[in-house]
Each structure stands twice: as structure tokens, then as C-alpha cells.
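As C-alpha cells, the structure follows; a few thoughts come after it.
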There are 2 protein chains.
Amino acid sequence: MILKSVSIDCVIFGFDGNSLKVLLSKQNPEAVLKQLSEQEDFNDIKELYDDHPSFVDPKVWNVFGAHIPADKDLDEFARDLLYMATGMNDVFLKQFHCFGNVDRVPNNRVLTIGYYALINPSHYIIRKSIELNDLKWFNLNSLPKLSFDHGQIIKKALEHLRHEVRYQPIGFHLLPDKFTLTEFQTLYEVILDKKMDTRNFRKKIAKMELLIDSNQKQQNVSHRAAKLYQFDEHIYHRLKEEGLKFRIE
Amino acid sequence: MILKSVSIDCVIFGFDGNSLKVLLSKQNPEAVLKQLSEQEDFNDIKELYDDHPSFVDPKVWNVFGAHIPADKDLDEFARDLLYMATGMNDVFLKQFHCFGNVDRVPNNRVLTIGYYALINPSHYIIRKSIELNDLKWFNLNSLPKLSFDHGQIIKKALEHLRHEVRYQPIGFHLLPDKFTLTEFQTLYEVILDKKMDTRNFRKKIAKMELLIDSNQKQQNVSHRAAKLYQFDEHIYHRLKEEGLKFRIE
DNA sequence: TCAAAAGTGTTTTGTCTACACCCATGC
DNA sequence: GCATGGGTGTAGACAAAACACTTTTGA
């Protein structure tokens, strides 16, 4: 049993070192319908898919989403979705907004609860399941044709990310375990869309005492190798209790 | 037609000059059922009310909430709810979180989308409708017995308010049209639960150039009368375009 | 004239900004 | 030895924090 009038959409952000991307999918209508037809309430729910843009127009891409099973907690199901899409657990995932205009889905009344996830693409395992025809990272300034209000959902997710990243140290989730300060700065420059001063940025980070020096350096780079740092959850939690003043802007 | 599996709950905050309060209601089961029975899908929806705590236990209070009609936009219906509760339009209203654990409502799967509203109790007109047995402001540190997860909903609304109020000039919505700087400061002290220095606070506010001097003073106070200020939406919007740097903490 | 709250300035401390050069490494 | 990005310090401007007394008003 699923809830016909509520779905979850999960905007998956990734950072490849240069730009912020979003992971989108194309569904395979036959496979989706086949899978759904195994459910007892198939007759009830199939109408939800009749007019689905991505079943009608093969050019249309989607944010990962699905209707919520009646027996799944919201956050739990968002995690399941994310696992289906990326094969990853332990991902930063955050609910950001519920979209509920009457006309957001033609012919059906469906609210959708938006989550965004931050993942590091290098951890990411392609899990192109049978229900998906395609799965691809898109640059945020060159998005393809999208289903329903998925464009708005992505836009709003990005706004939330932009806000959140300034006050909470969540940017780390987009980076590899070990990263250089330049990568870290580039990430912030990309998300906040502004250039920052290297010296000032580093001073700020240093003062927070949020990173640990891994005592390693980059390998195989044709220039001076940069130190690799790690973000440590323990340090973060300790600082949080002491009233962490994290702010980058 | 209503959506059986989704409701809205609207946490209404008010400030009386001394403390932050929340407006709660007690429902009148007979009147609610009578009103519902006029709807075509009554048989479908009455089960939603069978075990409602406030129908079973007369001591239980509620955040204002209702199931969403199929033909109402989410934000629009949140406004309707607020109007039903307070008789006010033009109220600051913000969606903050969707609560969706399986067990949040016993025997039914109901998600609820949380909104919070900021109102100035002096504008507030009691509209104790027939469906309500009682309607009352409660102090946040002495809440009564509440339905379902309404305690958590209020707590989370308060967290969001606390965050929001620091970066956006929304505190004004809790004050009368004309207010003194002391009232303004007290409001922030109450919401953020910390004492602030009067001189520094006033300097900060003055620098923002967000308030206009109404050229009026308090009347009938047994001490030096304070100047009354106004918050002006126009100024706010102009400053916002210029990149308003509002921060109080 | 007293009580009660309004209103105001200065100093110190810390944070933010702007800015330019040397360092290490691979080719 | 050169190209490439890594890494560092200082001075000036600005904002935040700490702190105490005078003013106005009504009773």
C-alpha cells in the first residue's frame, strides 16, 4: 500500500571538484509498471502513472521520487530512495520543503516532500536498476527538460543548500574523506557563487579547529602537493556542544 | 473531498510584551462531526476522527490543524486555517517541516505539514467558532496535554522561529504596528532566551535603518514615555534588494 | 522627591578585508 | 628552469562587547 497523494522527491547534489551537479534519472515505463503491477493496490495507483511526463516523453528527466508506502516513516523512505538511486547509506539527507500546489501534477492531487542529499560522487556506485533507462549528473545551469515542477524543486533545494552551508558544516559531505583546502574553498565558491580570498578563507577555517591534518599529501600532481585534511564528526559534535560558531560567507 | 493522509498543523505564536505564547484549541467533537457529516465523503473520513485524542480526552489541547481539501493549494489552505482560528488575514505564515512518522497518529497514516504563524495578539479577534470548545494562549514552558505529536511540532516550530528571527526581520510581526525599542529588545530576549545589552542593541538597530520614527510617544505610562517606532515593509524591501544584512544574536 | 524605565558614548577587543610574494613539485 | 598551484602575514577598517550614568515622566 502506498499513499496516493504524497510522494518524496530527493534532489541529489554532487561535487566533482569543479562544479555542483545534480543526479537525474530517466525511468523505464515498462519496468516501473511491471514492478507496480505486483502490488495489491495496482488498480488504484496505476492512474498515477498514466500521464507521467517521463512515460510520455522520452526526453524528460526526473528527480528521484516515489510515492510513500503506508508503513514507512518519511525519513526512512527518503533513505531507501537514496539507496535505490546510489547504493549509498550514511548519506547526508535533509528534508527541505513540501510542495503542494493543486496543479503541480496534472489530473492527480499529489504533494511531494522534498529532500536533498549531499554525496561525494567518488563514493558513488552506479546502480542503474531495471526501472531506470538512464542516470546522469547534470550541471545546475544546464538542466534538461524535467517532469512536473522538478525544476522548481531543484531550485528550492539549491536555495536551502546555499543557506544551510553557511551556518552548518555540511559542505564536507560533498568532498572525499581527505581533501585539500583548495578543494574545500572551491566547493564554497561554487555553492555560494562567489570568489573568496585564499588567505582569509584559510585563516577562518583554521580558527574553527574543525579539520584534522591527515599528515598526507596529494599524489601525482604536477605541482607542489597540497596537504590533505579530514573532517571529523567527533570534533564537530564536541564543538557543537560548546556552541560552534561556524560561518562562511 | 479531503486528502485523508495529509493534514496541515499551524503553530500560532504570539507575544504579549513579556513572553512568547502559542494559541491552542480544544475541539467540540459533536460540532466537528456534524460539520463533517455534511461532506459527501463523510463515511471515508470519519474514521480519522474516531480515535482523535481531543474527542476522547477533554483535557487535551491541539495545534490548529485540518486535513487538506483536494482542491486547495497547500499555502492557501494554511491561510484559511489561520483565518478560521484568528479571523486574521495578512499574517506572517511559514511552512517549516513535514512530520511523517508512521506512528504519529494511531490507527491512521497521516502526515502533517507544519506551518508557523506570527501574530500580534492585540490584533487578534477571538473567533471561537462552534467547532471549538476553547481557545487559549499558553506559555511555551507550561504547555498542557497535547494531541498526537503536537508537542514535538511546537518544539520544532520554535526551533525554526529561533533560527529565522536571527537572520530575517520577521520579529516585527509579533509586535504592534507601533512599538518601543525596549519592546523590540524584550521580544528578542524572549525568543532567543538571552539578555542583551541595551546600548549595543540600539546601536545595531539604528545602523540597519530599518525603523521609522513615528514621532509619537507612549501614553499613560508612569515613567518617561518611550518613542514609538514602525517597521516599514517598503524600507525592508528596498534594503533587501541592496543585500540587507540583518543579524541579531 | 521618588520610582521606573528611557536614553545615551567611549574604550577595548576581536573580526573582516585587502593585498603580493615565495615554495614545492613534476615535467 | 619553468609552469602550476600551494601556502603564508600584516595593516587598516569595521563591528562587537563591556560598561554606568543622566533624563523624563507620573504618582
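So you know, we letter chains A, B, ... as the sequences are listed, proteins then strands, and number each from 1.
Taking atom CG of residue B:Asn220 and atom P of nucleotide D:dT24, one finds them 20 Å apart after rounding to whole Å. D:dA16 atom C1' lies 12 Å from atom CZ of A:Arg247, rounded to whole Å. Rounded to a whole Å, the NZ atom of B:Lys227 is 12 Å from the P atom of D:dT24. Going from atom CZ of B:Arg202 over to atom C1' of C:dG7 covers 6 Å, rounded to whole Å. As rounded to whole Å, 16 Å separates atom C1' of C:dT15 from atom CZ of A:Phe201. When the C1' atom of C:dA24 is taken as reference, atom CG of A:Leu181 falls 16 Å away, rounded to whole Å. Computed from coordinates, the A:Asn200 CG to C:dG14 P distance equals 19 Å when rounded to whole Å. Between the NZ atom of B:Lys217 and the P atom of C:dA5 there is a distance of 17 Å, rounded to whole Å.
Ring centroids of B:Phe148 and B:Phe99 are separated by 6.0 Å or more, keeping the two rings apart. The aromatic ring centres of B:Phe201 and B:Phe184 sit less than 6.0 Å apart.
Residue side chain A:Arg199 reaches the base of D:dG9 through a donor-acceptor N/O pair under 3.5 Å, judged by distance alone.
Of the side-chain N and O atoms in A:Arg224, none sit less than 4.0 angstrom from OP1 or OP2 of C:dG26.
Among D:dG26, C:dT8, D:dT8, the nucleotide with an atom closest to any side-chain atom of B:Ser222 is D:dG26. The side chain of A:Lys203 lies closest to D:dT10, out of D:dT10, D:dA15, C:dA6. With distances taken from any side-chain atom of B:His223 to the nucleotides C:dT17, C:dA4, D:dA16, the minimum falls on C:dA4.
For A:Asp90, the CG atom is loosely surrounded, since the number of other residues' heavy atoms within 6.0 Å does not exceed 12.
When heavy atoms are screened at a 4.0 angstrom cut-off, B:Asp197 is found touching base atoms of the nucleic acid. Using a 4.0 Å heavy-atom cutoff across all strands shown, A:Thr180 reaches no nucleic acid atom at all.
Along DNA chain D, the nucleotide nearest B:Glu249 and the nucleotide nearest B:Val221 are compared for position; the residue whose nucleotide lies closer to the 5' end is B:Glu249.
Considering A:Asp149, A:Leu143, A:Asp9 as possible partners of A:Ile154, the one that fulfils the side chain to side chain contact (heavy atoms under 4.5 Å, CB included) test is A:Leu143.
A side-chain donor-acceptor contact under 3.5 Å links B:Ser147 and B:Asn62.
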